[in-house]
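Values reported hereafter were calculated over all heavy atoms of this structure, with side chains retained and with hydrogens, waters and symmetry mates removed. Proteins come first, then strands; the chains are lettered A, B, ... in the order of their sequence lines, and each starts at number 1.
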Number of protein chains: 2
Amino acid sequence: MDLSRHPTSFTTRYQQIAAQLEHELRNNYRCGDYLPPENQLAERFAVNRHTLRRAVDELVDRGWLQRRQGVGTLVLMRPYDYPLHSQARFSQNLLDQGSHPTSERLLSVLRPCTEHVATAIGKQEGDTVIHLRTLRRVNNVPVCVIDHYLPDLRWWAALQHFRSGSLHDFINSQLKEPLNRHSTRISARRALAKESQLLEIVPQAPLLCVRTLNTCDSSGSVAEYSVSLTRADMIELTMEH
Amino acid sequence: MDLSRHPTSFTTRYQQIAAQLEHELRNNYRCGDYLPPENQLAERFAVNRHTLRRAVDELVDRGWLQRRQGVGTLVLMRPYDYPLHSQARFSQNLLDQGSHPTSERLLSVLRPCTEHVATAIGKQEGDTVIHLRTLRRVNNVPVCVIDHYLPDLRWWAALQHFRSGSLHDFINSQLKEPLNRHSTRISARRALAKESQLLEIVPQAPLLCVRTLNTCDSSGSVAEYSVSLTRADMIELTMEH
DNA sequence: TCCCATTTGTACGTATGTATG
DNA sequence: CCATACATACGTACAAATGGG
């Protein structure tokens with residue numbers, strides 16, 4: 001595949017090489033393999049090592065390669081395994097956060113909160129919070145991972161019995177605390193390595209990120225701050241006004 | 001602030017410079033400003049231009065700077081805002097769609113609607129609709145492009161006088177038709193080539209996509225269907241409940 | 001329209017540092 | 001301690017894009 005003579009669109013040398021490497025990664029490499037050393041590749045493509053590195057940079061940025069100083073360049077890319085749901089897009093109500101009847105608990109710990117969480121829930125960095133992580137599947141396909149942060153440590157004992165289902169229902173029925181949605185922030189970004197693994201998507205795939213602050217119905221104090229990451233290729237959020 | 005003698009952690013020269021630049025961005029620059037030319041900065045830091053570029057690369061990757069070939073390096077970061085989140089982001093109310101006072105008209109045509117638009121507004125594929133495209137900038141940085149589809153062709157004459165400002169305000173004042181938000185769908189995907197060009201982002205960068213259906217206050221019929229594409233690195237949507 | 005200065009983008013060359021096994 | 005391979009840095013040159021004269 002000669003990409004050097006591409007009539008329609010101008011590409012730089014390093015972009016050509018990146019495209020060529022990407023093609024070879026898909027066909028000739030498997031996850032866990034190492035690329036040939038930069039010197040060899042540079043020689044093969046007849047470019048300076050810097051130019052070759054610039055091409056590899058692109059693929060590292062896309063999450064398909066990982067550099068290991070003194071060792072080599074590791075191949076992370078998997079062959080595409082989900083050709084199916086390019087079309088299928090589920091809808092999900094914007095208010096569904098934390099109330100998925102199908103979600104499953106992945107994590108349940110007490111931990112000092114980060115600055116980000118502290119700011120959101122109005123506590124100090126390092127204050128202990130309950131941290132739950134749940135994963136929602138649709139048709140057994142993971143679509144959404146949610147981190148829940150709860151500042152009221154008195155809930156800890158009860159929450160340890162939460163295994164699956166709707167967290168908000170659980171809190172409502174077990175702790176008699178109906179939660180009120182206070183504010184929501186919606187953003188999008190690329191998936192990080194661990195996230196793409198968890199959600200079984202290619203690295204760098206776009207994610208919808210919904211951050212929700214829930215307050216206690218009774219006292220009005222912050223009860224839960226949740227951050228959900230949703231596969232943007234499968235889910236869209238809907239809202240009726 | 002001398003970062004060159006940092007006892008605890010080893011930092012490379014370009015990392016020191018990136019940290020220094022980040023510090024200066026916060027204190028001495030505002031969104032929309034331009035950095036001094038790379039040559040000047042390189043001279044100031046007494047490094048090669050490549051080294052300086054490597055430092056700037058870091059801040060570009062973090063979304064705080066944006067390069068414009070032939071022009072300069074644009075500052076995106078808002079002062080006083082950063083320490084809270086890992087990513088400095090503007091916020092935009094979820095209800096802002098079509099009502100940006102700063103938006104500018106890019107396109108204004110009559111055209112047969114696609115199946116997608118036809119489905120949304122409840123007409124037949126091929127039926128003529130008014131199609132407007134507007135671009136919103138913040139501090140002269142493009143952040144959001146919106147396609148508006150309006151089925152009522154009687155508005156065409158009046159709408160041709162719309163140049164900039166808030167489209168919804170224009171419709172309200174010129175056509176005496178207050179619009180009502182009916183439903184909203186939010187998704188995310190990677191930018192296509194043309195979109196990334198228009199929004200001045202790298203290809204494949206994640207976009208927030210908000211599709212809104214607005215109805216006439218009076219008749220309740222569909223008045224406008226809009227599709228907005230927003231740079232996810234700069235804008236997040238907020239909602240108070 | 002064309003040219004020109006400015007600024008970023010790409011590419012080559014070279015040298016040395018750092019990490020790994 | 002050494003060979004290998006990636007990381008950083010300096011130097012140089014030219015290309016491409018932009019904006020102004």
Peer 1: Round to the nearest Å and state the distance from E200(B) atom CD to dA17(D) atom P.
Peer 2: 14 Å
Peer 1: Go ahead and name the base partner of dT8(C); Watson-Crick or wobble counts if both distances stay under 3.5 Å, otherwise write none.
Peer 2: dA15(D)
Peer 1: Would you please name every residue forming a ring pair (Phe, Tyr, Trp, His ring centres under 6.0 Å) with H116(B), sequence neighbours left out?
Peer 2: Y225(B)
Peer 1: Can you list everything that forms a side chain to side chain donor-acceptor pair (under 3.5 Å) with S226(B)? Sequence neighbours excluded, please.
Peer 2: Q97(B)
Peer 1: Ignoring the backbone of V71(B), work out which of dC6(D), dG19(D), dA9(D) is nearest its side chain.
Peer 2: dG19(D)
Peer 1: State whether E200(A) and R231(A) are salt-bridged, where the test is any N-O pair (Lys NZ or Arg NE/NH1/NH2 against Asp/Glu carboxylate O) under 4.0 Å.
Peer 2: no
Peer 1: By salt bridge (Lys or Arg N to Asp or Glu O under 4.0 Å), which residues pair with D127(B), not counting sequence neighbours?
Peer 2: none
Peer 1: Can you measure L65(B) atom CG to dT8(C) atom P for me and round it to whole angstrom units?
Peer 2: 11 Å
Peer 1: Mind checking side chain to side chain donor-acceptor pair (under 3.5 Å) for N28(A) and listing every partner two or more places apart, or none if nothing turns up?
Peer 2: none
Peer 1: Check the distance between dA5(D)'s P and L35(A)'s CG and give it to me in whole angstrom.
Peer 2: 12 Å
Peer 1: For dT10(C) and R13(A) - does any side-chain N or O of the residue sit under 4.0 Å from the phosphate oxygens OP1/OP2?
Peer 2: no
Peer 1: Output all residues satisfying side-chain contact (heavy atoms from CB on, under 4.5 Å) with P37(A), sequence neighbours left out; order by chain, then residue number.
Peer 2: Q40(A)
Peer 1: Which residues pass the salt bridge (Lys or Arg N to Asp or Glu O under 4.0 Å) test with E43(A), not counting sequence neighbours?
Peer 2: none
Peer 1: Expected output is a numbered-order residue list: members of residues 42-59 of chain A with a heavy atom under 4.0 Å from any atom of DNA chain C. What is it?
Peer 2: V47(A), N48(A), H50(A), T51(A), R54(A)
Peer 1: Check the interface with nucleotides 1-5 of chain C: list each N/O to N/O pair with the protein under 3.5 Å, or write none.
Peer 2:
none

Peer 1: Looking at residues at least two apart in the chain, or sitting in another chain, which of them share a side chain to side chain donor-acceptor pair (under 3.5 Å) with R133(B)?
Peer 2: D147(B)
Peer 1: With respect to the phosphate group of dT8(C), does any side-chain polar atom (N or O) of T73(B) fall under 4.0 Å of OP1 or OP2?
Peer 2: yes
